[in-house]
Amino acid sequence: MKVFIKTFGCRVNQVESEALLEKFKDGGAVIVQAPKDAELCLINTCSVTAKADRDANKLIRQILRDNPYCRIIVTGCYAMASADKIKALFPQAQIIFKPDLGKTLFGEDLDWTVKHHEGKTRAFVKIQDGCDNFCSYCIVPYTRPLKTSKPKQIALAEIQNLIKNGYKEIVLTGINIGNYRCPQSGADLADLLGEVFKIEGDFRIRFSSIEINTVTDKLIQTAASGGEKFCDYLHLPLQSGSDAVLKHMGRHYDTKEYLERVKYIRSYFKNIFLYCDIIAGYPTETEADFNSSLSFLEEVGFAGLHVFSYSPRAGTKAAALKQLPPEEIKRRSEILHQKDKQLRQKAAQSLIDKEAEFLAETFIKANNSVSGVLPNFQRALIKGVSLQPALRKVKITKAQDGICFAQEV
């Protein structure tokens with residue numbers, strides 16, 4: 001059987017698609033790169049934004065046009081949130097919710113472990129799923145309501161196997177990884193991380209994203225104990241720098257609490273790079289609230305932002321509110337994107353003349369360079385090296401447009 005898999009959205013979706021790809025291969029399937037060549041097309045969807053829904057619809061239409069007789073399976077968050085809508089638009093499509101995929105396709109439940117990440121030098125390990133925070137703007141608790149965690153021993157074996165297979169960076173990911181709890185032992189994320197540090201090999205580890213209120217003292221102390229094995233990087237979703245907006249969103253912190261956590265983190269990691277998610281144009285966000293956000297971004301000193309333009313998700317509390325004009329949301333989003341560029345350039349410049357470990361990711365043919373990441377997730381370019389997975393010591397020579405240029409030491 002010829003199989004095409006398309007993934008939309010977050011790292012968790014990408015890990016799940018990799019696990020499915022490996023299961024199909026183990027069963028003798030051939031993975032193809034174009035839907036027109038497939039007998040089965042599996043669309044792993046996202047529904048965080050309205051654009052994600054539209055992108056999935058566009059692909060399904062394309063498949064039906066170019067390969068009308070193939071089997072189409074739609075799964076993921078969009079499928080969970082809008083099954084009736086998808087079925088009305090595309091009666092030919094088969095909707096299978098994530099927990100049912102393993103039984104339906106392979107006759108067994110999936111634990112979402114992976115052995116490889118096709119074409120990647122960094123490996124992602126899904127350790128947790130589900131969220132019950134029910135922030136007012138977010139559809140995820142409706143699409144992934146069941147909180148589960150991968151047993152510690154299975155996670156450790158998966159990580160150890162990936163390291164043996166040559167991966168030099170392991171990224172722990174999940175919907176809300178700070179809620180990790182081993183179902184067998186009760187071990188939390190700090191306990192798991194401490195065990196990872198005991199694994200032999202030349203590797204480093206980072207978290208994909210973690211909520212600030214789950215970054216405990218114990219977790220930071222454990223992370224610091226790992227030395228260079230733990231990347232000096234954290235992505236800490238913020239969403240707004242206005243206390244009034246945070247309260248309306250149903251976030252579990254205010255700006256004071258967020259800043260206190262950041263200061264504690266920096267007491268252990270002096271040179272850590274912090275990134276965050278920020279939403280432009282939440283319905284109750286006034287101009288004063290927006291300006292408060294801009295000021296708070298400066299106060300925290302982020303190295304970069306992941307900017308979302310607010311879009312209402314049907315069924316969430318915020319969707320019932322009076323929405324801001326689209327042009328105003330766009331204006332605020334553009335300001336935040338400009339802020340992101342400024343922060344990234346400032347962060348990159350701070351590294352000039354410093355040394356760091358570089359992990360190659362992709363070859364850039366245009367300038368004959370290899371692009372990769374430093375431990376703090378700073379993007380860097382270096383010439384004269386291969387894509388062979390290795391942690392190379394490099395020295396930063398200059399910074400331009402938020403990118404570092406480096407030479408191997």
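Numbers for residues simply follow the sequence, beginning at 1. No experiment lies behind these values; they were computed from the predicted model shown.
- A salt bridge links D188 with K218: the closest approach of a Lys/Arg side-chain nitrogen to an acidic carboxylate oxygen falls below 4.0 angstrom.
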Worksheet item: Would N57 and K85 count as a side-chain hydrogen bond (donor to acceptor under 3.5 Å, both in side chains) if you check the C-alpha gap in whole Å, the side-chain angles of each, and the deciding distance to 0.1 Å?
Response: CA-CA 10 Å; N57 288 340; K85 176 183 176 182; over 6 Å; no

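- Between the side chains of N44 and T75, no donor-acceptor pair is found at a separation under 3.5 Å.
- Taking the ring axis of F203 as reference, the NZ or CZ atom of K168 does not stay both within 45° of it and closer than 6.0 Å to the ring centre.
- Note on ring orientation: taking the six-membered ring where Trp is involved, the planes of Y275 and F377 are perpendicular (angle over 60°, cut-offs 30° and 60°).
- Applying the salt bridge (charged side-chain N to carboxylate O under 4.0 Å, His left out) test to every pair with at least one member in residues 259-270, sequence neighbours left out, gives these pairs: D217-R261.
- Distance check: E355 CD to I396 CD1 gives 9.5 Å after rounding to the nearest 0.5 Å.
- The residues E195 and K198 are annotated as salt-bridged, a charged nitrogen and a carboxylate oxygen being separated by less than 4.0 angstrom.
- S242 and S292 share no side-chain donor-acceptor pair at under 3.5 Å.
- Remark: of the listed residues E158, E16, E18, E16 is the sole one forming a side chain to side chain donor-acceptor pair (under 3.5 Å) with K126.
- For the pair R332 and F290, the cation-pi criterion (under 6.0 Å, within 45° of the ring axis) is fulfilled.
- Judged by the 6.0 Å and 45° rule, K6 forms a cation-pi pair with F8.
- For K395 and E408, the salt-bridge test fails: no basic side-chain N is under 4.0 Å from an acidic carboxylate O.
- Formation of a donor-acceptor pair under 3.5 Å by the R11 side chain with backbone atoms of G174 is not found in this model.
- Looking only at atom types and distance, the side chain of N13 has a donor-acceptor partner in the side chain of K98 under 3.5 Å away.
- The residue from S293, S240, S136 that alone fulfils the side chain to side chain donor-acceptor pair (under 3.5 Å) condition with Y282 is S136.
- Between the OG1 atom of T148 and the CG atom of D129 there is a distance of 4.5 Å, given to the nearest 0.5 Å.
- Aromatic ring centres of F4 and F24 lie farther apart than the 6.0 Å criterion allows.
- No donor-acceptor contact under 3.5 angstrom links the side chains of D191 and Y180, judged on distance only.
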Worksheet item: Between D289 and T286, is a side-chain hydrogen bond (donor to acceptor under 3.5 Å, both in side chains) present by the stated rule, with each step listed?
Response: CA-CA 5 Å; D289 292 327; T286 65; 3.0 Å; yes

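- Taking the ring axis of F405 as reference, the NZ or CZ atom of K398 stays within 45° of it and closer than 6.0 Å to the ring centre.
- For F124 and H117, the gap between ring centers is short of 6.0 Å.
- Although no hydrogens or angles enter the test, the distance criterion places no donor-acceptor pair under 3.5 Å between the side chain of T143 and the main chain of C77.
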Practice prompt. Show the numbers, then the answer: is there a salt bridge (charged side-chain N to carboxylate O under 4.0 Å, His left out) between E169 and R204?
Written response: CA-CA 5 Å; E169 181 173 306; R204 66 192 190 196; 2.7 Å; yes

Item to complete: Start with the C-alpha distance between D243 and K247, add both sets of side-chain angles, then the distance that settles salt bridge (charged side-chain N to carboxylate O under 4.0 Å, His left out), and finish with yes or no.
Response: CA-CA 6 Å; D243 286 338; K247 184 176 181 180; over 6 Å; no

Worksheet item: Can you list the steps and then say if E211 with H252 is a side chain to side chain contact (heavy atoms under 4.5 Å, CB included)?
Response: CA-CA 9 Å; E211 293 288 343; H252 299 286; over 6 Å; no

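- For the atom pair CD1 of I154 and OG of S149, the computed distance is 12.0 Å after rounding to the nearest 0.5 Å.
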Discussion item. Side chain to side chain contact (heavy atoms under 4.5 Å, CB included) for V373 and E361? Distances and angles first, verdict last.
Written reply: CA-CA 8 Å; V373 289; E361 287 195 291; 3.6 Å; yes

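- Rounded to the nearest 0.5 angstrom, D340 CG and C276 SG are separated by 9.0 Å.
- If you take CD1 on I210 and OG1 on T173, they are separated by 11.0 Å, rounding to the nearest 0.5 Å.
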